[in-house]
Amino acid sequence: MRTPSRGPGDDVMVSKAERKPLDHATIEPKWQRLWQQHGTFRARDEGAGRKAYVLDMFPYPSGAGLHVGHPEGYTASDIWSRWLRMTGVNVLHPMGWDAFGLPAEQYAIQTGQHPAVTTTANIATFKRQIQALGFSYDWDREISTTDPEYVRWTQWLFLQIWKKGLVYEAEVPVNWCPALGTVLANEEVVDGKSERGNHPVIRKPMRQWMMKITAYAERLLNDLEGLDWTDSIKAQQRNWIGKSEGAEVEFALAQGGGSIRVFTTRPDTLFGATYMVLAPEHPLVKAITTDAQRAAVTAYVEQSSKKSDLDRTDLAKDKSGVFTGAFATNPATGKPIPVWIGDYILASYGTGAIMAVPGHDERDFAFATKYGLPIVEVVKPTSGATTLPGAAYCEYGVSVNSGEFSNLQSAECKQRVTAWLESKGIGKGTVNYKLRDWLFSRQRYWGEPFPLVRCATCGVQPVPDSQLPVLLPDVPDYRPTEHGDPPLARATEWVKTTCPKCGGAAQRDTNTMPNWAGSCWYYLRYIDPKNTSAPFDPKKVAYWLPVDLYIGGAEHAVLHLLYARFWHKVFFDLGLVSTKEPFRKLVNQGLILGEDNEKMSKSRGNVVNPDDVVREHGADSLRLYEMFMGPLEAAKPWNTRGIVGVRRFLERAWDVFQRDVTDAPAPEAERRLVHKTIQGVTKGIETLSQFNTSIAKMMELVNDLTSREVQHRETLETFAKLLSPFAPHLAEEAWELLGHAPCVASQSWPTFDPALVKDTEVEIAVQVLGKVKARIVLPADADEKAHEAAALADEKVQAAIAGKTVRKVIVVKGRNVNLVVG
RNA sequence: GCCAGAGUGGCGGAAUGGCAGACGCGGCGGAUUCAAAAUCCGUAGUCCCUUACGGGGCGUGGGGGUUCAAGUCCCCCCUCUGGCACCA
């Protein structure tokens, strides 16, 4: 130990023998405790200066514990938060738990252990692991979606959405997953299998709670524009919303009255519609099928109803269908055209029926070719040859064979045909979206119960606010039932209740919410986590929103991020929040791969456990390494040697901090280096991506300082501040060693002097025809003429241009001189 | 197939249109050590010429182009990653 303790002004020397090794196991917990005790990272809910809301996607606390992927984004947001605080910004940086979900429930099914018990234990583990990394979260704002107080407000918010008429019950063909015993949202089904667990999913009609996200489709699409998100995520959301403009057209049935309504994006090809196809589930199928075709149609409908979505997709190449025996009239040509059914037509998109234009649609072309249906050309290319009759011509061009609409450009033809349909009252321009309403109920145990009761006389009634939260009952068995009744139905006493309206006997709804519900608004609860009279205080929300920076994985591109935006817009309409969008800037951290460059997984045996890394090298090393690997958003492979590299840097830095200190001003060369370091480190942070370059700059500084036995106080103090967002524990320890009271985290971020980051002398490359022939040293303030003169005076340059005429000289001051000779 | 992103040493990666390869890992050489580990110092893209000292060519997935100058800008192609995929 140093005695007496050093303070500014002292000039006490410390011999090399007294330097201590870097003992991360002691200093890291020490500062974590101190930050907590001092409330160093507490956010203020008001203030005149700048504010920043820096949010991490909160984790699902799994039994497996933290993964090295978690600290990647958390470290980046922590560096950002710590840096902002040091520049005087009031920062809200919270953490919590997305704790409802399937794994805890699957575990409960296997062991009988209540999910609440496992969840509590997992949260404790996650919290210990996250706290060991020294993140500057305001832990006073910690929340868990499973907390009864949180559930209460999730249910309350759900009821606001319900009261706004955006929740309805419908008998819909749902994605039923037999293995999970629940229905899933479209977003949760990937290639016909469940996103979680990869189990097969089949179509099954069930009565379900739906949320009208489609009512917000246009706003969800348009408001993407103003967001500072990556193109990739915006594109994914746009694709998912899937807006397409076109027209709906009525085709009258040839017999018996009635009509079939179709949606098309190409009304300009109406004259080329030579047949129609309905989805097998289309309600008109039964009515229009002729006796002669009935057997074939019934068999086909039955067959396709048994197919999973995956099976249907597999048949993409081989389209199938059956003729119904019915005919409809093409309103443009007046000709009768046959009506078929085929399972390449989706019941859930558009009207579930199409007009088939085989000349100008690949799918219709394949179908028509297979079944020998007529193909008519109604669009010709503006220039060049058509692909017909060998293949459908799907591009725009000029209309032909279209009566009064012939010889028009496709775009104009569309408008004219649509106008004509409207004037005849048999069609209109429409917009369609791929986005479907959000299937919001789950037949599972571990989720928020719906705060709704069913009364035989009053219908579905909301549970009054005073009775919230509706908490989960204990059940004897968490297993889902085969027929799709939720496990909550087993709690017969809990189900029995009274109607809030008439007081008569009523039943509780036994569905639970999907676990996206809690994550749809958690960023709002952090703002006011202890409010008992409302989910959050609108004044505080107005101060903190929007989230200025949101960091998380790209896997939530269309799930959480779309749902949360939807709820936020509803809250906006309800006057609960003041911004149209919740998350202004979004950054997706890249995947951390195993050492073998493959995705980390238990089965590959390439998983790195952060606990091991922290134990062996310390949290500062882990943080630093994760940032040093490369740009935040890139996928990067783990390398055990790499962490040794950053650990060495920290040890060297620690060694330098422990050396003798003098208050004498640092020599100019050193001051220049320090100011360049400030500039470089700051620049790296500001990119919010290339933290690796900030670290490289600090490494350069340390490499330089190591050569001096006596250090300058001003240099070390600045370095401690620069280091503190990255390796906060070591930085605090160094700050204390320099004789200061805690914390370096509360110091001001150093600024650089522009005059000091410019070198006095610069090396200039002299090129001849773009090839470097010589290097010359010039004063930094040398003008163009001086550059040119010095370049031409150089021997090597003279040799290179000997016998040639210098035609042009290009001078880039302080960089290079290029001689054009010939 | 469509949409988005990315291809730079042995590896991770740097580089406002202006000296490609910062920083780190690994390698090699040396110091230290009885020895090793650790640590420290030095070294290095590649090919060719030269005994050496030196010198020259080629180099950022491939091919074109713009420019005095291209990893960076434009066009075409290839490969990889992620997403969507019968959406009429």
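Each chain gets a letter, A, B and so on, in the order its sequence line appears, and its residues count up from 1.
Contact annotation for A:Gly645: backbone-only contact, meaning every heavy-atom pair under 4.0 Å involves sugar-phosphate atoms and none involves a base. Using a 4.0 Å heavy-atom criterion, one finds that A:Ala635 contacts the sugar-phosphate atoms exclusively. At the heavy-atom level, A:Val812 lies under 4.0 Å from base atoms of the strands shown. Backbone-only engagement by A:Ser244 is indicated by non-hydrogen atom pairs under 4.0 Å involving sugar-phosphate atoms exclusively. Using a 4.0 Å heavy-atom criterion, one finds that A:Asp364 contacts no nucleic acid atom at all. Within the nucleic acid shown, A:Lys599 has no heavy atom closer than 4.0 Å to any nucleic acid atom. The residue A:Asn692 sits close only to the backbone: its heavy atoms come under 4.0 Å of sugar-phosphate atoms, none of a base. Note on A:Arg652: only backbone sugar-phosphate atoms sit closer than 4.0 angstrom, heavy atoms only; bases stay farther off.
Within the structure, every side-chain polar atom (N or O) of A:Arg266 is placed at least 4.0 Å from both OP1 and OP2 of B:rA88. At the phosphate of B:rA88, neither OP1 nor OP2 sits under 4.0 Å from any side-chain N or O atom of A:Arg261. Taking only side-chain nitrogens and oxygens, A:Lys697 never comes nearer than 4.0 Å to OP1 or OP2 of B:rG24. Of the side-chain N and O atoms in A:Asn588, none sit less than 4.0 angstrom from OP1 or OP2 of B:rG82. The side chain of A:Gln690 contributes an N or O atom lying less than 4.0 Å from OP1 or OP2 of B:rA15. Using a 4.0 Å cut-off, no side-chain N or O of A:Arg238 falls inside it from OP1 or OP2 of B:rC84. Taking side-chain N and O atoms only, A:Thr693 has no distance below 4.0 Å to OP1 or OP2 of B:rA22.
B:rU39 atom C1' lies 15 Å from atom CG of A:Leu22, rounded to whole Å. For the pair A:Arg647 CZ and B:rC25 P, the computed distance is 14 Å after rounding to whole Å. Across the protein-nucleic acid pair, A:Leu346 atom CG and B:rC86 atom C1' stand 7 Å apart, rounded to whole Å. Summarising the geometry, the separation between CG on A:Leu769 and P on B:rA69 is reported as 8 Å, rounded to the nearest angstrom.
Listed candidates were B:rA14, B:rA88, B:rG24. Nearest to the side chain of A:Met699 is B:rG24. Here the nucleotide nearest the side chain of A:Lys771, chosen from B:rC86, B:rA88, B:rC58, is B:rC58. Comparing atom distances between the A:Tyr349 side chain and each of B:rC86, B:rA88, B:rG13 picks out B:rA88 as nearest.
Only the C1' atoms considered, B:rU72 is 26 Å distant from B:rC47, to the nearest whole Å. Of the P atoms belonging to B:rU39 and B:rG26, the separation is 9 Å, rounded to the nearest Å. Taking the C1' atom of each, B:rA22 and B:rG13 are spaced 10 Å apart, rounded to whole Å. The same atom, P, is picked in B:rG17 and in B:rG27; the two are 37 Å apart, to the nearest Å. If you take atom P in B:rC40 and the same atom in B:rC48, they sit 36 Å apart, rounded to whole Å. Remark: the separation of the P atoms in B:rC23 and B:rG5 is 32 Å, to the nearest Å. B:rU8 and B:rC58 have their C1' atoms separated by 15 Å, given to the nearest Å. Taking the P atom of each, B:rC78 and B:rC68 are spaced 32 Å apart, rounded to whole Å.
B:rA35: no Watson-Crick or G-U partner with both key distances under 3.5 Å is found in any strand. B:rG26 is unpaired under the criterion used here, namely a Watson-Crick or G-U wobble arrangement in which both key atom distances are under 3.5 Å. Using the Watson-Crick or G-U wobble rule with both distances under 3.5 Å, B:rA70 pairs with nothing in any strand shown.
Checked by atom type, the side-chain pair A:Glu595/A:Thr640 shows a donor-acceptor distance below 3.5 Å. Between the side chains of A:Arg436 and A:Ser348, at least one donor N or O sits under 3.5 Å from an acceptor N or O. A donor-acceptor pair shorter than 3.5 Å can be found between the side chains of A:Glu218 and A:Tyr433. Side chains of A:Ser320 and A:Tyr300: a donor on one and an acceptor on the other come within 3.5 Å. Between the side chains of A:Ser399 and A:Asp268, no donor N or O sits under 3.5 Å from an acceptor N or O.
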Tabulate atom names and distances for all N/O pairs under 3.5 angstrom spanning the protein and nucleotides 2-8 of chain B.
from, atom 1, to, atom 2, distance (Å)
B:rA4, O2', A:Ser232, N, 3.4
B:rG5, OP1, A:Asp231, OD2, 3.2

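In terms of position on RNA chain B, the residue among A:Ile695 and A:Ala554 whose nearest nucleotide sits closer to the 5' end is A:Ile695. When each of A:Lys796 and A:Tyr625 is assigned the nucleotide of RNA chain B bearing its nearest heavy atom, the one mapping closer to the 5' terminus is A:Tyr625.
Distance check: A:Ser689 OG to A:Glu633 CD gives 3.5 Å after rounding to the nearest 0.5 Å. Annotation: the span from A:Asp781 atom CG to A:Lys758 atom NZ amounts to 8.5 Å, rounded to 0.5 Å. Atom OG of residue A:Ser694 and atom CD of residue A:Gln679 lie 11.5 Å apart, to the nearest 0.5 angstrom. Note that CZ of A:Arg708 and CG of A:Leu705 are 5.5 Å apart. Values are rounded to the nearest 0.5 Å.
The glycosidic torsion of B:rG9 lies within 90° of 0, placing the base in the syn range.
Below the 3.5 angstrom threshold, one finds no donor paired with an acceptor across the side chain of A:Lys808 and the base of B:rC68.
Both the sub-6.0 Å distance and the 45° axial angle are satisfied by A:Lys319 relative to the ring of A:Tyr344.
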